[in-house]
Amino acid sequence: MSWTGIWPVAPTPFHDDGTLDLEGMKRALDCIIDQGADGICILANFSEQFLISDAEREVLTRLSLEHVAGRVPVIVTISHYATPIAVERAQFAKDLGAAAVMMMPPYHGALLKGTAEQTYEQFAAVGAVGIPIMVQDAPLSGVDLPVPLLVRMAQEIEEVRLFKIECPRAANKLRALIAEGGDAIEAPFDGEEAITLLADLDAGATGSMTSGMIVDQIKPVITKYHAGDITGATEAYGRVAMAINHENRQCGWQSCKAAMVEGGVIKSDFCRHPIPPLHPAIRQRMIDLLKPLDPLVLNWGK
């Protein structure tokens, strides 16, 4: 397994009545693969995992892995405050053929946060399932994951190999993690829609976990950078930077859905309550920023 390149998060499409759009899910996965994704992550925060029932998670996990059918590797997000549930989700993903699982440290709301030792214990329990683990270091959890803890987990828990670092000043943390963890840090990734991609590549990131919106436009940045063409990578990033900024600061996961509706990939960009729809002006600005890039997503379903 080569843990490099761009591994976007797939959105979860809904019908306008809020029910799962399973055919739309298949089309979203196909569109992301056709954009050149090196792998796909499902059921992450940008998949609205916090708005999906447990039964729906099982349906989506099974459908996604069966539909992708090995065309690219799939990472399944399994985060949960309860360790037994995280373990159960990891086993389910492994049984269905997932390449890895991704998880945040244990947290629930603003006050229930796992300690460093509890976090270690949860990752160790999931590691015993025998599937590679990507540690998601995201502000959403509110749990501090200092570099020494991450290095300890990487060195002592065999399956903790992959790291998605999307905390403030991610490049500093990536650089320290790689320096202190050495070979135990098999795949340091960045996230947050690639808003800090160049700095993170400078720090040693091997890949990026973006949204599924403009995979074909961001991938050349990573490819050129790893080929030693830093100038070309910088120019490629400059081309997409405004769209990435608008996605990151104004739209979040809804940008990918809006673009996929615009391009005929899915039928609805509905998000479940209490998420409000994008303001029409914000949505239009997103589409207007994408059009000059001529991304596959705007043409895939037409």
Side-chain angles (χ1 to χ4, degrees), residues 1 3 7-14 20 22 25-26 28-29 32 39-70 72-109 112-115 117-138 140-143 145 149-150 153-154 156-164 166 186-187 189 191 209 212 253 272:
M1 181 70 66
W3 303 103
W7 294 59
V9 173
T12 301
F14 300 106
L20 290 179
L22 298 183
M25 186 74 216
K26 294 176 185 178
L29 293 167
I32 291 172
I40 294 176
C41 180
I42 63 170
L43 295 174
N45 295 329
F46 260 45
S47 312
E48 303 171 71
Q49 58 89 10
F50 34 75
L51 299 171
I52 297 170
S53 72
D54 289 347
E56 289 172 331
R57 287 182 57 89
E58 291 193 16
V59 169
L60 290 165
T61 302
R62 188 181 301 277
L63 177 146
S64 297
L65 286 162
E66 290 179 354
H67 185 70
V68 171
V72 297
V74 176
I75 297 176
V76 179
T77 307
I78 62 165
S79 303
H80 200 283
Y81 183 68
T83 297
I85 294 176
V87 169
E88 180 180 311
R89 290 178 174 182
Q91 186 66 59
F92 186 68
K94 180 185 177 182
D95 291 345
L96 290 175
V101 295
M102 182 170 76
M103 53 190 289
M104 289 184 285
Y107 79 99
H108 182 76
L112 288 176
K113 301 177 183 180
T115 64
E117 194 58 32
Q118 289 166 340
T119 296
Y120 179 96
E121 291 168 354
Q122 184 174 97
F123 277 85
V126 172
V129 172
I131 185 170
I133 300 170
M134 175 173 276
V135 181
Q136 183 178 9
D137 183 6
L140 182 64
S141 73
V143 179
L145 293 174
L149 173 61
L150 296 178
M153 292 198 300
E156 298 179 7
I157 304 171
E158 181 180 358
E159 298 295 357
V160 175
R161 314 178 194 175
L162 324 172
F163 297 83
K164 181 186 180 186
E166 47 188 348
E186 188 172 333
F189 272 46
M209 186 172 286
W253 68 80
R272 287 174 170 171

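Since the model is a prediction, treat every value here as computed from it, not as a measurement.
Using a 4.5 Å heavy-atom threshold, the side chains of N45 and W253 count as separate. Annotation: side chain of M103 is in contact with side chain of Q122 (closest heavy-atom distance under 4.5 Å). Side-chain contact between M209 and M102 is present, with heavy atoms from C-beta onward closer than 4.5 Å. Inter-residue side-chain proximity for V143 and D137 is flagged as unmet; no heavy-atom pair is nearer than 4.5 Å. Contact check for S53 versus V59: no side-chain heavy atoms found under the 4.5 Å cut-off. For the pair I133/M153, no side-chain contact is recorded, criterion being any heavy-atom separation below 4.5 Å from C-beta on. Using a 4.5 Å heavy-atom cutoff, the side chains of F189 and E166 are not in contact. Inter-residue side-chain proximity for W7 and V72 is flagged as unmet; no heavy-atom pair is nearer than 4.5 Å.
Closest heavy-atom contact between I85 and H80: CD1-CE1, 3.4 Å. What you find for I32 and V9 is that their closest heavy atoms are CD1-O, 4.3 Å. Nearest heavy-atom pair across P8 and G39 is CD-O, 3.1 Å. Residues L162 and P132 come closest through the heavy atom pair CD1-CB, 4.5 Å. Of all non-hydrogen atoms in T83 and A125, the two that sit nearest each other are CG2-CB, 3.7 Å. A90 and V101 get closest at one heavy-atom pair: CA-CG1, 4.2 Å.
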Item to check | Check against side chain to side chain contact (heavy atoms under 4.5 Å, CB included), R57 and Q49 | outcome: CA-CA 8 Å; R57 287 182 57 89; Q49 58 89 10; 4.3 Å; yes
Checklist entry - Passes salt bridge (Lys or Arg N to Asp or Glu O under 4.0 Å), R89 versus D54? Steps please. => result CA-CA 10 Å; R89 290 178 174 182; D54 289 347; 3.3 Å; yes
Checklist entry - Where do E159 and F123 land on the side chain to side chain contact (heavy atoms under 4.5 Å, CB included) test, with the steps shown first? => result CA-CA 9 Å; E159 298 295 357; F123 277 85; over 6 Å; no
Next on the checklist: Could you walk me through whether L60 and L22 satisfy the side chain to side chain contact (heavy atoms under 4.5 Å, CB included) test, starting with their C-alpha distance in whole Å, then the side-chain angles of each, then the deciding distance to 0.1 Å, before giving a yes or no?
Outcome noted: CA-CA 8 Å; L60 290 165; L22 298 183; 4.2 Å; yes
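To the nearest 0.5 Å, atom CH2 of residue W3 and atom CD of residue E186 are 7.5 Å apart. Distance check: L29 CG to H67 NE2 gives 6.0 Å after rounding to the nearest 0.5 Å. Between I78 atom CD1 and I131 atom CD1 the span is 8.0 Å, to the nearest 0.5 Å. Distance check: Y107 OH to L112 CG gives 12.0 Å after rounding to the nearest 0.5 Å. Interatomic distance, OG of S64 versus CD1 of I40, reported as 8.0 Å (0.5 Å rounding). Atom OH of Y120 and atom CG of L150 lie 12.5 Å apart (nearest 0.5 Å).
Put simply, the side chain of K164 never gets that close to the backbone of M134: no donor and acceptor are under 3.5 Å apart. At least one donor-acceptor pair closer than 3.5 Å links the side chain of S79 to the backbone N or O of M104. In this structure, T12 contributes its side chain and S47 its backbone to a donor-acceptor pair below 3.5 Å.
The number of heavy atoms from other shown groups lying within 6.0 Å of CD (Q118) is above 12.
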